[in-house]
Number of protein chains: 2
Amino acid sequence: MARPHKPILSRDLIVGTALELTDRTGRFTVPELAHRLGVSVSSLYHHVGGRADIVEGIRGRLAATLTLPLGLTWQEAVIHWATAYRDSFAAHPAAIPMLVSQTVTDPGTLARYDELAEVLHTQAGLDTEELIVAITMLDNLCLGAALDLGAPSDVWAADHRESALTRAVTATSRESCSAAAFDRQLDLIVNDLARRAMPVA
Amino acid sequence: MARPHKPILSRDLIVGTALELTDRTGRFTVPELAHRLGVSVSSLYHHVGGRADIVEGIRGRLAATLTLPLGLTWQEAVIHWATAYRDSFAAHPAAIPMLVSQTVTDPGTLARYDELAEVLHTQAGLDTEELIVAITMLDNLCLGAALDLGAPSDVWAADHRESALTRAVTATSRESCSAAAFDRQLDLIVNDLARRAMPVA
DNA sequence: ACCTGAACACCGTTCAAGT
DNA sequence: ACCTGAACACCGTTCAAGT
């Protein structure tokens, strides 16, 4: 088989399989990916710029959920955006380190940031300075929460010492605490923004 | 030369050189590291468990600054801890992706978390549940801020569209905004904790 | 246009060998 | 104990070749 009549590969298929592989095994490798697709390694390079491009494709998939529905107040929009961000990244924990080590170039992802900025500007009346600080805060929060939820930074899970605190901590659910911390921090941020917002209606 | 009278390598030297290499070139590789040290690759494995162990050594170096001075109020301690965390990670941006992709095992780092927990427990009177949420929030914040400061997640630097916001944003200093967002968020967290604290004095 | 095999320049790790 | 060279099983990417 040299060239099939109907292409068997596509950027979308490659990205999807890479994400699947990452979820299942914690990583993906170009040879593994090719094997999984029943194809030779070099075939992939006809549809994709390389490994980094595949990672960027994964980013695009995850960021797709950040689209804002119409008719939300800016507060609701912020909460929707941040929650979707955290959720979709946390659903693929093993992908986070890959995403974090690489500059964001996916146009869809960038557009999602723009949309949030638009809402904060036109509906909450934040000026440029405030806008950037706000988005930075939200970005920080979501990234941190997703990392904390998914990545292997199980800081307090280790039985490293005789700390009463550490032992108590081990008992509690890691996920629920992370979620609680996220919710509370998001709430703090929204309130802080509300205090600074210039109502435009 | 087979075995020198005085060892030329040590875990500390290896870790230090790896960090230096990372700062200068954005990454470190075992062969590069060996070359830089004027030594054969396999020599490193007499002093270090492997690449992951070197990364853990780097984590230990950076976490060393998290030690809390005596005589601080718990609020001051939180601010000191978080600021030192953010600062020392942000000073080595290229190291962050490596640190984030790997489980924390460095004992020193784990001890620094314990110390903060101790302060929050005994001085702020937080119960177990509150304690974990608090530390998770702080951990999230610092990690997110460090990532945002150092990692190549220059989200809004890309000239991807005709967004007035995006262009305005490009003008402003990335660092100062990140710092402002961090300071404000840290302030929010401390105040939130103060509201929940049970004064013990 | 799309798949292939072979080749290239890398990785991290191990291990018998030397002193 | 500590350094070495050689070997191993991997990576990601390229490129001439086939249809």
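So that the names make sense, note that chain A is the first sequence line, chain B the second, and so on, each numbered from 1.
When the C1' atom of D/dG12 is taken as reference, atom CD of A/Glu32 falls 13 Å away, rounded to whole Å. Atom P of nucleotide C/dT19 and atom NE2 of B/His5 are separated by 13 Å, given to the nearest angstrom. The distance from atom CD1 of A/Ile8 to atom C1' of C/dA1 is 13 Å, rounded to the nearest whole Å. Across the protein-nucleic acid pair, B/Leu37 atom CG and D/dC3 atom P stand 10 Å apart, rounded to whole Å. As a whole-Å value, the separation of A/Lys6 NZ from C/dC3 P is 10 Å. Distance B/His35 NE2 to C/dC10 P: 13 Å, rounded to the nearest Å. Put simply, CG on B/Leu44 is 13 Å from P on C/dC11, counting in whole angstrom units. One atom, CE of B/Met98, and another, C1' of C/dG12, lie 15 Å apart when rounded to the nearest Å.
Checked by atom type and distance alone, the side chain of B/Arg59 pairs as donor or acceptor with a backbone atom of B/Leu99 at under 3.5 Å. Under a 3.5 Å cut-off, the side chain of A/Gln123 and the backbone N or O of A/Thr73 do not form any donor-acceptor pair. Although no hydrogens or angles enter the test, the distance criterion places a donor-acceptor pair under 3.5 Å between the side chain of A/Thr65 and the main chain of A/Leu62. Distance alone, capped at 3.5 Å, is enough to place a donor-acceptor pair between the A/Thr67 side chain and the A/Ala64 backbone. Between the side chain of B/Thr25 and the backbone N or O of B/Arg27 there is at least one donor-acceptor pair closer than 3.5 Å.
Of the nucleotides present, D/dC15 is the one that pairs with C/dG5 by Watson-Crick or G-U wobble criteria, both distances under 3.5 Å.
Listed nucleotides: D/dC2, C/dC2, C/dT4. Nearest to the side chain of A/Ser40: C/dT4. Counting only heavy atoms from C-beta on, A/Pro4 has its side chain closest to C/dC2 among C/dG12, D/dC3, C/dC2.
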Using a cutoff of under 3.5 Å, can you pull out all pairs of nitrogen or oxygen atoms linking the protein to nucleotides 13-15 of chain D, with atom names and distances?
from	atom 1	to	atom 2	distance (Å)
D/dT13	OP2	A/Tyr45	OH	2.7
D/dT13	OP2	A/Arg51	N	2.9
D/dT13	O5'	A/Tyr45	OH	3.3

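Using a 4.0 Å cut-off on heavy atoms, none of the residues of residues 10-25 of chain B approach DNA chain C.
Note on B/Arg184 versus B/Asp187: no salt bridge recorded, every NZ/NE/NH1/NH2 to OD/OE distance being 4.0 Å or above. The existence of a salt bridge linking A/Glu129 and A/Arg196 is excluded, since no basic side-chain nitrogen approaches an acidic carboxylate oxygen closer than 4.0 Å.
Taking the ring axis of B/Tyr85 as reference, the NZ or CZ atom of B/Arg112 does not stay both within 45° of it and closer than 6.0 Å to the ring centre.
With sequence neighbours left out, B/Ser40 forms a side-chain hydrogen bond (donor to acceptor under 3.5 Å, both in side chains) with B/Ser42.
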